[in-house]
Amino acid sequence: LFGIRAKFLGVSQLATEDLAESLQAADDGAAGGSGKTLLLDSRAPEEFAVSHLPNAINVDYKDPAAALQIVRETSPRRVVCYCSVGYRSSSLAQQLSAALTDSSDAAASQSPPPLVANLEGSIFKWANESRPMVDGSGRPTEFAHPYSSMWGRLLRSELWKWD
């Protein structure tokens, strides 16, 4: 976590506890970001299919323009990006923040830009804390894709599921 914070100094980091509390609010985290918080999962589709946070939208962190379009279409108050441990999602959060605070983009919008944050520890920390996740069919699951055998060491081994 320290390395990710050091690499992405300008990116806000959101604690899993804080996100969990906020998502318990009745109108937050609605599908497609119609609530206050839009959840963007920046992992590969095969990782997303194993598990993701409920109501999250899968985006390619290498295509911030597509993610930006989703943000513009849903007009959330807050965007929370996550991946396995936080590197890909911090990169996406950094790019989204820059695009949303660009003076020409802000001038075109009639509302203030949403706050953009990275979920610190991302889905590995979320899963290790036994927080709610769903699989690609929307069924509750406790498993998470370990990304690789090296990075998977940050995820409790009994939670590993490759596909």
Side-chain angles (χ1 to χ4, degrees), residues 1-25 28-29 33 35-68 70-71 74 76-102 113-136 140-163:
L1 299 181
F2 176 77
I4 291 170
R5 277 185 176 263
K7 170 83 175 164
F8 298 98
L9 291 172
V11 174
S12 296
Q13 300 292 325
L14 179 66
T16 53
E17 300 83 13
D18 294 337
L19 179 61
E21 285 177 19
S22 119
L23 292 179
Q24 288 179 353
D28 206 1
K36 294 183 233 174
T37 300
L38 173 63
L39 300 171
L40 296 179
D41 184 316
S42 60
R43 298 174 301 148
E46 57 271 16
E47 295 171 85
F48 184 82
V50 171
S51 65
H52 54 273
L53 277 63
N55 300 314
I57 297 173
N58 189 220
V59 298
D60 182 351
Y61 82 102
K62 294 178 186 175
D63 188 4
L68 182 60
I70 292 168
V71 172
T74 58
R77 292 186 194 162
R78 175 174 62 176
V79 177
V80 177
C81 303
Y82 72 91
C83 60
S84 296
V85 296
Y87 190 90
R88 293 175 284 179
S89 52
S90 287
S91 174
L92 178 62
Q94 184 176 58
Q95 293 175 75
L96 285 175
S97 289
L100 289 165
T101 56
D102 177 285
L115 301 172
V116 180
N118 176 61
L119 180 61
E120 190 165 54
S122 282
I123 202 165
F124 284 5
K125 186 169 191 259
W126 188 268
N128 285 336
E129 294 170 346
S130 302
R131 298 195 187 275
M133 299 183 297
V134 295
D135 66 15
T141 186
E142 62 183 18
F143 299 106
H145 192 289
Y147 183 67
S148 72
S149 57
M150 182 184 90
W151 289 108
R153 291 183 285 171
L154 298 172
L155 177 67
R156 291 191 339 243
S157 61
E158 67 270 18
L159 301 178
W160 283 35
K161 185 174 180 185
W162 290 97
D163 56 3

| task | Measure from the side-chain N and O atoms of N128 to the backbone N and O of R156, and report whether any donor-acceptor pair falls under 3.5 Å. | result | yes
| query | At what distance, to the nearest 0.5 angstrom, does NZ of K7 lie from CZ of F2? | reply | 14.0 Å
| remark: Residues S90 and F8: closest non-hydrogen pair is CB-CD1, 3.4 Å
| query | Say you draw a straight line from OG1 of T16 to CD of E21; how long is it, rounded to the nearest 0.5 Å? | reply | 10.0 Å
| Do S91 and Q95 have side-chain atoms, one donor and one acceptor, less than 3.5 Å apart? | yes
| field | For the student: nearest non-hydrogen atoms of W162 and S149, plus distance | value | CH2-N, 4.1 Å
| query | Just wondering, do V71 and P76 contact through their side chains at under 4.5 Å, heavy atoms? | reply | yes
| message | For a quick test of reading the model, state the closest non-hydrogen atom pair linking P64 to L96 and the distance between them. | response | O-CD2, 4.0 Å
| query | What residues, two or more places apart in sequence or in another chain, satisfy salt bridge (Lys or Arg N to Asp or Glu O under 4.0 Å) together with R5? | reply | E120
| field | Closest approach of L68 to A99 (non-hydrogen atoms, all atoms of both residues) | value | CD2-CB, 3.7 Å
| note | Between the CG atom in L23 and the CG atom in D18, the distance rounded to the nearest 0.5 Å is 11.0 Å
| query | Are the charged groups of K161 and E142 less than 4.0 angstrom apart, N to O? | reply | no
| Measuring from R88:CZ to C81:SG, what's the distance to the nearest 0.5 Å? | 12.5 Å
| task | Without swapping roles, check the side chain of S51 against the backbone of F143 for a donor-acceptor pair under 3.5 Å. | result | yes
| Check: W126 main-chain N/O paired with Y82 side-chain donor or acceptor under 3.5 Å | no
| said: Checking side-chain contact (heavy atoms from CB on, under 4.5 Å) between L39 and each of I57, V80, L119, N58, which is the one that passes? | reply: V80
| remark: Here the pair of heavy atoms bringing V116 nearest to S97 is CB-OG, 3.3 Å
| query | Should the ring pair H52 and F48 be called parallel, tilted or perpendicular, given that the plane angle runs from 0 to 90° and is split at 30 and 60? | reply | parallel
| field | Student check: side-chain heavy atoms of P114 and L38 closer than 4.5 Å | value | no
| field | Flag side-chain contact, heavy atom, 4.5 Å: S22 against K36 | value | no
| request: Please report the shortest heavy-atom distance between P113 and L100, naming the atom on each side. | output: CB-O, 3.6 Å
| said: Counting C-beta onward and ignoring hydrogens, is there a side-chain heavy-atom pair between W151 and P146 closer than 4.5 Å? | reply: no
| message | Quick test of your reading of the model: are R43 and D41 salt-bridged, counting only N-O distances below 4.0 Å? | response | yes
| How many angstroms lie between CD in E47 and OG in S42, if you round to the nearest 0.5 Å? | 9.0 Å
| query | Side chain of S122, backbone of C83: donor and acceptor closer than 3.5 Å? | reply | yes
| said: Strictly distance-based, threshold 3.5 Å: is any side-chain N or O of W160 a donor or acceptor partner for the main-chain N or O of G152? | reply: yes
| said: If we ignore hydrogens and angles and just use 3.5 Å, is the side chain of T141 paired with the main-chain N or O of V134 as donor and acceptor? | reply: no
| request: Decide yes or no for L19 and R131: does some side-chain heavy atom of the first lie under 4.5 Å from some side-chain heavy atom of the second? | output: no
| query | About how many Å separate NZ of K125 and CG of L1, when rounded to the nearest 0.5 Å? | reply | 7.0 Å
